[in-house]
Number of protein chains: 2
Amino acid sequence: MQIKNIIEEKNLKLTAARRELLEIFNFEQRPLCFEDIKDKINMDKATFYRNILMFEKESIVRGFESNDKKRYYEIQGSAHSHFICNLCNDIECLDEVRPKKLSGYTIVDTIYKGICKVCNKES
Amino acid sequence: MQIKNIIEEKNLKLTAARRELLEIFNFEQRPLCFEDIKDKINMDKATFYRNILMFEKESIVRGFESNDKKRYYEIQGSAHSHFICNLCNDIECLDEVRPKKLSGYTIVDTIYKGICKVCNKES
DNA sequence: AGATTCGTGCGAGTAAGTTGCATTTAAGTA
DNA sequence: TACTTAAATGCAACTTACTCGCACGAATCT
């Protein structure tokens, strides 16, 4: 879907900041934090966080905390889990063969933490 | 195992702060952040975080980030997962029937995020 | 008991994220 | 297209979880 449509569908103003933000998330297809974004476009952090808040409310992006005290955001698409390495802090996306179910609970994200392939080889 | 033994086994000095800290973690058997601790004992935050760092290095406790930008710590015991509610931020411990395995990776913690039983009922 | 090393508390510092406010901009209306 | 208005942006100040340097105090060794 086009960025323009995503924004207009939710009755949000189509601003340059929002278009650029969603273009990056759409292109990268992986969790990004503000630091990642500001290397790519010139945007005030207040603008970033306010728009992210709106995108989260509108279910356009979803965020989670990583090891490094930073929140990472990702555009909503096919459901998948994340693996966060405790050593290198790298975040990987994983497709779930058999998504976990828990009666009474709604699971929207699953995060595995541990040691990734690369770090396992190095130690 | 006795708190005293845990500490001496790792060749750490047995101080009042360390004993009290581990007593709380041992008694509560659930993830706690500094805020939770400081309500129970009088301890400087620097002392808390420095000891936690040491406990983590010695694999006595393990920590993870929650939704609320705070890090929660738990004494190491039987392996289990955690569920964090996106609405009320409550953290629950879950026993895994079939722990996830990923070839090449070492999984030490699994965190499910979503909406808990209580919040699901309320909405 | 005395010496030494390590832990503690205090205060200041760091960095991610938030908020208030003045200015700018998107989008509806004439 | 110009006008209006509601909302978005950028800046600076603030908040808060956490870290660091340093002087003092306490645990362990001999």
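Just so it is clear: chains get the letters A, B, ... in the order the sequence lines come, proteins before strands, and each one is counted from 1. Note that the structure is predicted; figures quoted are calculated from it, not measured.
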Under 3.5 Å, which protein N or O atoms sit close to an N or O of nucleotides 21-23 of chain D? Give each pair with its distance.
from	atom 1	to	atom 2	distance (Å)
dG21(D)	O6	Arg50(B)	NH1	3.3

Using whole Å, what does the distance between atom [atom2] of nucleotide [N] and atom [atom1] of [X] come to?
X        : N       : atom1 : atom2 : result
Phe48(B) : dC10(C) : CZ    : P     : 17 Å
Glu20(B) : dA27(D) : CD    : P     : 12 Å
Met43(B) : dC18(D) : CE    : C1'   : 16 Å
Asn51(A) : dT19(C) : CG    : P     : 15 Å
Ile52(B) : dT8(C)  : CD1   : P     : 12 Å
Lys57(B) : dC6(C)  : NZ    : P     : 12 Å

Point to revise | Lys10(A), NZ: over 12 other non-hydrogen atoms inside 6.0 angstrom | key: yes
Point to revise | Contact list for DNA chain D against residues 64-75 of chain B - heavy-atom distance below 4.0 Å | key: Lys69(B), Lys70(B), Arg71(B)
**Study point:** N-O pairing of Arg71(B) and Glu56(B) below 4.0 Å
**Key:** yes
**Study point:** Salt-bridge contact Lys100(B)-Glu96(A) (side-chain N to carboxylate O under 4.0 Å)
**Key:** yes
Check your understanding: At how many degrees, to 10°, do the end axes of the helix from dA1(C)-dT30(D) to dA30(C)-dT1(D) meet when each uses five pairs?
Key -> 30°
Would you indicate which nucleotide in [options] comes nearest to any side-chain atom of [X]?
X        : options                  : answer
Lys45(B) : dT18(C), dG9(C), dA12(C) : dA12(C)
Met54(A) : dA16(C), dA8(D), dT19(D) : dA8(D)
Arg18(B) : dG7(C), dG9(C), dT18(C)  : dG7(C)

Check your understanding: Would you find a donor on one side and an acceptor on the other, under 3.5 Å apart, between the side chain of Arg30(B) and the backbone of Phe25(B)?
Key -> no
Review point. Among pairs that include at least one residue of residues 93-123 of chain B, which meet ring pair (Phe, Tyr, Trp, His ring centres under 6.0 Å), considering only residues two or more places apart or in two chains?
Key: Phe83(A)-Tyr105(B)
Exercise for review: Kindly write out the residues that satisfy side-chain hydrogen bond (donor to acceptor under 3.5 Å, both in side chains) with Asn51(B), not counting sequence neighbours, or none if the list is empty.
Suggested key: Arg18(B)
Practice item. Specify whether Tyr49(B) and Phe34(B) have parallel, tilted or perpendicular ring planes, treating 30° as the upper limit for parallel and 60° as the lower limit for perpendicular. Key: tilted
Does any part of the side chain of [Y], heavy atoms only, come nearer than 4.5 Å to the side chain of [X], both counted from C-beta?
X         : Y         : value
Val61(A)  : Gln76(A)  : no
Thr110(B) : Ile111(A) : no
His82(B)  : Glu74(B)  : yes

Check your understanding: When rounded to the nearest 0.5 angstrom, what distance separates CG in Asn26(A) from CD1 in Ile6(A)?
Key -> 6.0 Å
Check your understanding: From Ile37(A) CD1 over to Leu32(A) CG, what is the distance, rounded to the nearest 0.5 angstrom?
Key -> 5.0 Å
Review point. With respect to Asp68(A), which candidate in Asn89(A), Ile84(A), Ile91(A) satisfies the side-chain contact (heavy atoms from CB on, under 4.5 Å) definition?
Key: Asn89(A)
Do any N or O atoms of the protein come closer than 3.5 Å to N or O atoms of nucleotides 22-30 of chain C, and which pairs are they?
from	atom 1	to	atom 2	distance (Å)
dA27(C)	OP1	Leu14(A)	N	3.0

